[in-house]
Amino acid sequence: MKKFKILPYAALFSVFLLAGTMAAFAQENIEIVHDAAFENQTRPPVAFAHDAHNEKAGIDDCGECHHAYADGEKQMGDDSVGMECSQCHYGKPGQGVADLIRAYHLQCAGCHGERKAGPVLCGECHRRR
Ligand code: HEC
Ligand code: HEC
Ligand code: HEC
Ligand code: HEC
């Protein structure tokens, strides 16, 4: 009999697990960047409190990072929200993981350098905790 009592709890628990996983994909809970294309990371995870960061930095346009291009031109007023950077910057012929790393570094550290605000040193983004 005991066995059958556990089952409903197991089912309930897996619902919580699922909800937790889905919540992790909502941008309001993002605390680190984790692009699925990186399998074995050599550096500590990159600190990035998505919404708080963008508010502090005063970035209103999602397309500033989640950009959309057509014929090599950046499309103002359009974006690629919901796609990982690696969906465009990794895995196409001639593209390696170095291209994806470069894309992140150029976008993140590039803006920090331009605005003279935000971290530019390895250990400030790849924070050990
Ligand atoms: C400063 C750059 C930046 C800005 C501005 C930005 N995002 Fe993001 N966003 C990211 C990064 C980086 C990730 C994490 C990508 C990963 O881990 O694969 C992300 C992840 C997300 C995700 C999770 C799903 C996914 O694509 O992995 C959603 C949804 C999202 N952003 C929506 C938005 C919306 C809506 C806005 C505008 C209100 C916005 N973002 C503005 C950089 C940005
Ligand atoms: C829908 C496809 C797509 C997505 C998603 C995408 N990009 Fe791009 N990105 C492009 C294209 C196309 C170009 C222009 C051609 C090129 O340089 O590869 C570009 C250019 C760039 C550049 C060089 C120009 C610049 O803006 O400084 C950087 C850096 C970059 N992307 C970083 C990122 C990052 C980081 C993400 C995720 C937050 C991202 N991209 C998401 C398609 C995409
Ligand atoms: C368009 C400009 C821009 C882009 C793109 C950008 N940042 Fe920033 N970031 C800023 C500015 C401005 C600040 C300083 C905000 C302040 O504290 O006043 C900042 C601050 C930070 C900080 C300090 C703590 C915090 O959250 O405020 C971290 C960490 C950070 N950025 C990580 C990232 C990462 C990782 C990416 C790429 C996924 C990124 N940033 C992309 C503009 C940008
Ligand atoms: C402005 C923030 C920022 C700075 C500064 C920065 N990185 Fe990164 N780096 C990133 C982001 C964002 C990614 C993508 C991480 C992910 O998706 O998990 C990344 C990815 C990487 C990766 C591939 C993933 C891994 O862990 O193996 C390496 C290697 C790396 N960075 C090394 C460096 C080195 C070395 C420096 C200093 C020269 C540096 N980074 C500085 C933001 C930064």
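Read the numbers this way: they start at 1 and go in the same order the structure lists the ligands and their atoms. Here, residue 1 is the first one in the sequence, and each next residue gets the next number.
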ask   = Under 4.0 Å from any heavy atom of V120, which atoms of ligand 4 are there?
value = 5 (C)
message = Among all protein heavy atoms in this structure, tell me which lies nearest to atom 20 (C) of ligand 3, with the distance rounded to 0.1 Å.
response = G118 CA, 3.6 Å
request  = Please lay out, stage by stage, how H50 and I32 fare under the test side chain to side chain contact (heavy atoms under 4.5 Å, CB included).
outcome  = CA-CA 8 Å; H50 191 279; I32 57 162; over 6 Å; no
ask   = Which atom pair, heavy atoms only, marks the closest approach of D35 to C85?
value = OD2-N, 3.6 Å
remark   = Value for NE2 (H105) from NE2 (H112), rounded to nearest 0.5 Å, stands at 11.5 Å
query = Does A68 have a heavy atom less than 4.0 Å from any atom of ligand 2?
reply = no
ask   = Do the side chains of P44 and R129 get nearer than 4.5 Å, heavy atoms only?
value = no
key: Short side-chain to backbone donor-acceptor contact, Q95 and K92, under 3.5 Å   = yes
key: Atom indices of ligand 3, in the order listed, that fall short of 4.0 Å to a heavy atom of I59   = 1 (C), 2 (C), 3 (C)
key: Closest heavy-atom pair and its distance - L100, A37   = CD2-CB, 3.7 Å
inquiry  = Applying a heavy-atom cut-off of 4.0 Å, say which part of E64 lies close to ligand 3: side chain, backbone, both or neither.
reply    = side chain
Atoms of ligand 4 close to L121 [distance to a heavy atom under 4.0 angstrom, numbered from 1] = 5 (C)
4.0 Å protein heavy-atom contact status of atom 41 (C) of ligand 2, strictly under = yes
remark   = Within a distance under 2.8 Å of atom 8 (Fe) of ligand 2, the protein atoms of type N, O or S are H67 NE2, H89 NE2
message = Below the 3.5 angstrom mark, is there an N/O of E124, backbone or side chain, next to an N/O of ligand 3?
response = no
query = What is the closest protein heavy atom to atom 24 (C) of ligand 4, and at what distance does it sit?
reply = F38 CD2, 3.8 Å
query = Measuring to protein heavy atoms, does anything land under 4.0 Å from atom 9 (N) of ligand 2?
reply = yes
message = Please give me the minimum heavy-atom distance between V81 and C62, naming the atom from each residue.
response = CG2-CB, 3.8 Å
ask   = What residue and heavy atom of the protein are closest to atom 25 (C) of ligand 3, and at what distance?
value = K56 NZ, 3.4 Å
query = For atom 29 (C) of ligand 4, what is the nearest protein heavy atom, given as residue, atom name and distance?
reply = T42 OG1, 3.5 Å
message = I need the nearest protein heavy-atom contact for atom 3 (C) of ligand 3: residue, atom name and distance, please.
response = C111 SG, 2.7 Å
ask   = CG/N29 to CG/D51 distance, rounded to the nearest 0.5 angstrom?
value = 8.5 Å
Shortest protein heavy-atom distance from atom 17 (O) of ligand 4, along with the residue and atom involved = D35 N, 2.9 Å
task = With S80 as reference, evaluate H66, Q75, Q87 under the side-chain contact (heavy atoms from CB on, under 4.5 Å) test and give the passing residue.
result = H66
message = How close do C122 and R43 get, counting heavy atoms only, and between which atoms?
response = CB-NH1, 4.1 Å
key: Heavy-atom donor-acceptor pair, E124 side chain to P119 backbone, under 3.5 Å   = no
ask   = If you look at every heavy atom in C88 and M83, which pair is closest and at what distance?
value = SG-CE, 3.9 Å
Ligand 3 atoms in contact with A47 (distance to a heavy atom under 4.0 Å) = 29 (C), 32 (C), 35 (C)
message = Starting from atom 18 (O) of ligand 4, what is the nearest protein heavy atom, named by residue and atom, and what distance separates them?
response = Q41 NE2, 2.6 Å
message = Can you tell me if Q41 has over 12 outside heavy atoms packed within less than 6.0 Å of its CD?
response = yes
query = At a 4.0 Å threshold, what atoms of ligand 3 neighbour a non-hydrogen atom of C65?
reply = 5 (C)
ask   = Between atom CG of N54 and atom SG of C65, what is the distance when rounded to the nearest 0.5 Å?
value = 6.0 Å
ask   = Got a protein heavy atom sitting under 4.0 Å from atom 35 (C) of ligand 2?
value = yes
Residue portion contacting ligand 4 (non-hydrogen atoms closer than 4.0 Å) for V97 = neither
task = For ligand 4, indicate whether the residue I32 contacts it via side chain, backbone, both or neither (heavy-atom separation under 4.0 Å).
result = neither
Polar protein atoms near atom 8 (Fe) of ligand 4 [N, O or S; cut-off under 2.8 Å] = H105 NE2, H126 NE2
ask   = Do F48 and E31 pass the side chain to side chain contact (heavy atoms under 4.5 Å, CB included) test, and can you show the C-alpha distance, the side-chain angles, and the key distance before you say yes or no?
value = CA-CA 5 Å; F48 182 61; E31 295 292 334; over 6 Å; no
Donor-acceptor contact present, side-chain D71 to main-chain E73, <3.5 Å = no
Verdict with reasoning, I101 to F38, per side chain to side chain contact (heavy atoms under 4.5 Å, CB included) = CA-CA 9 Å; I101 297 175; F38 295 113; 3.6 Å; yes
query = Are V97 and Y104 connected, step by step, through hydrophobic side chains (Ile, Leu, Val, Met, Phe, Trp, Tyr) whose heavy atoms are closer than 4.5 Å?
reply = yes
query = Of all the N, O or S atoms in H53, which one sits nearest to atom 8 (Fe) of ligand 3?
reply = NE2
key: Heavy-atom closest contact (E64 atom, Q107 atom, distance)   = O-NE2, 3.8 Å
query = Which one holds for P119 and ligand 4: side chain close, backbone close, both close, or neither close, with close meaning a heavy atom under 4.0 Å?
reply = backbone
query = Nearest to atom 11 (C) of ligand 3, what protein heavy atom do you find, and at what distance?
reply = A57 CB, 3.5 Å
query = Can you find a non-hydrogen atom of H112 under 4.0 Å from ligand 4?
reply = yes
task = Carefully, step by step, assess D99 and H89 under the rule side chain to side chain contact (heavy atoms under 4.5 Å, CB included).
result = CA-CA 7 Å; D99 295 276; H89 290 284; 5.8 Å; no
